[in-house]
Amino acid sequence: MHYWLMKSEPDEASIDDLATATGQALPWTGVRNYQARNFMRDIMRIGDGVLFYHSSCAEPGVAGIAEVASTPYPDPTQFDPASPYFDPKSRPEAPRWTLVDVRFKKKTRLIPLGELREHPELTSMRVLAKGNRLSITPVSTDEWRFITTRLAR
DNA sequence: GCCAACGTTGGC
DNA sequence: GCCAACGTTGGC
């Protein structure tokens with residue numbers, strides 16, 4: 001069992017979009033970073049906990065709780081020339097980009113990035129590291145517990 | 001819109 | 001394999 005923080009731009013897919021999606025689940029399309037891909041491909045398991053994070057928006061922060069809902073499979077957008085995530089170098093017989101489905105669990109209050117930084121319990125969170133740009137980062141069990149039991153209301 | 005930080009590309 | 005140039009991320 002692992003825990004994760006996954007960034008999504010609310011303009012593209014917000015926590016409300018996830019809650020109202022068919023089956024309350026969405027394929028995590030568009031990851032084009034090998035480290036983030038490898039987390040999904042190699043380490044994630046169905047049922048892993050996910051902090052759903054809103055990024056590149058007016059109020060960046062944790063917006064809800066979700067869970068990993070599928071085993072890894074090829075991201076279909078890599079083969080779609082009309083998609084912004086199209087990757088001409090990826091071939092169907094050897095897909096380069098893999099994703100998982102993520103399912104809604106619950107909405108939380110918006111826990112702002114600045115508030116996460118205030119808590120000594122969270123200072124080693126990967127997402128808070130200087131210069132971090134990874135869209136998927138591991139969350140420790142202690143960090144998960146602190147955020148879901150103390151901060152999420 | 002700015003820009004720091006980082007990842008990728010490609011010439012050599 | 002090195003590394004400069006370039007593109008992207010994402011908070012502010």
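Residue numbers start from 1 in every chain, and the chains themselves are labelled A, B, ... in the order their sequence lines are given, proteins ahead of strands.
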- Task: Rounded off to whole Å, could you give me the CD-to-P distance for the A:Glu59 and C:dG11 pair?
- Result: 12 Å
- Note on the structure: Side-chain atoms of A:Lys89 come closest, of B:dG7, B:dT9, C:dG10, to B:dT9
- Task: Calculate the interatomic distance between A:Arg126 atom CZ and B:dC6 atom P; express it in whole Å.
- Result: 12 Å
- Task: Figure out the CE/P separation between A:Met6 and C:dT9, and round it to whole Å.
- Result: 16 Å
- Item | Nucleotide C:dC12, atom C1' - distance to CG of A:Leu113 in whole Å | 11 Å
- Query: Expressed in angstrom and rounded to an integer, what is the separation of A:Tyr34 atom OH from B:dG7 atom C1'?
  - Reply: 11 Å
- Whole-Å distance separating the CG atom of A:Asp11 from the P atom of C:dG11: 13 Å
- Tell me, with the steps shown, if A:Asp87 and A:Arg32 meet salt bridge (Lys or Arg N to Asp or Glu O under 4.0 Å). CA-CA 9 Å; A:Asp87 182 350; A:Arg32 296 294 180 268; 5.3 Å; no
- Query: Has the side chain of A:Arg133 got a donor or acceptor that lies under 3.5 Å from a partner of the other kind on the base of C:dT8?
  - Reply: yes
- Query: Would you say a side-chain N or O of A:Tyr85 is under 4.0 Å from OP1 or OP2 of C:dT8?
  - Reply: no
- Note on the structure: Regarding the side chain of A:Asn33, the nearest nucleotide among C:dG10, C:dG11, B:dG7 is B:dG7
- Item | A:Lys7 side-chain N/O to C:dT9 phosphate OP1/OP2 under 4.0 Å | no
- Message: Classify the ring geometry of A:Phe52 against A:Trp28: parallel below 30°, tilted from 30° to 60°, perpendicular beyond 60°.
- Response: perpendicular
- In plain terms, say whether A:Asp142 and A:Arg145 are close enough for a salt bridge, that is, a side-chain N and a carboxylate O under 4.0 Å apart. yes
- Item | Spacing between A:Lys130 atom NZ and C:dG10 atom P, to the nearest angstrom | 16 Å
- Task: Can you see which heavy atom on A:Val139 is nearest to which on A:Leu5, and at what distance?
- Result: CG2-N, 3.5 Å
- Message: If I take atom CG in residue A:Leu5 and atom P in nucleotide C:dG10, what distance separates them, rounded to the nearest angstrom?
- Response: 11 Å
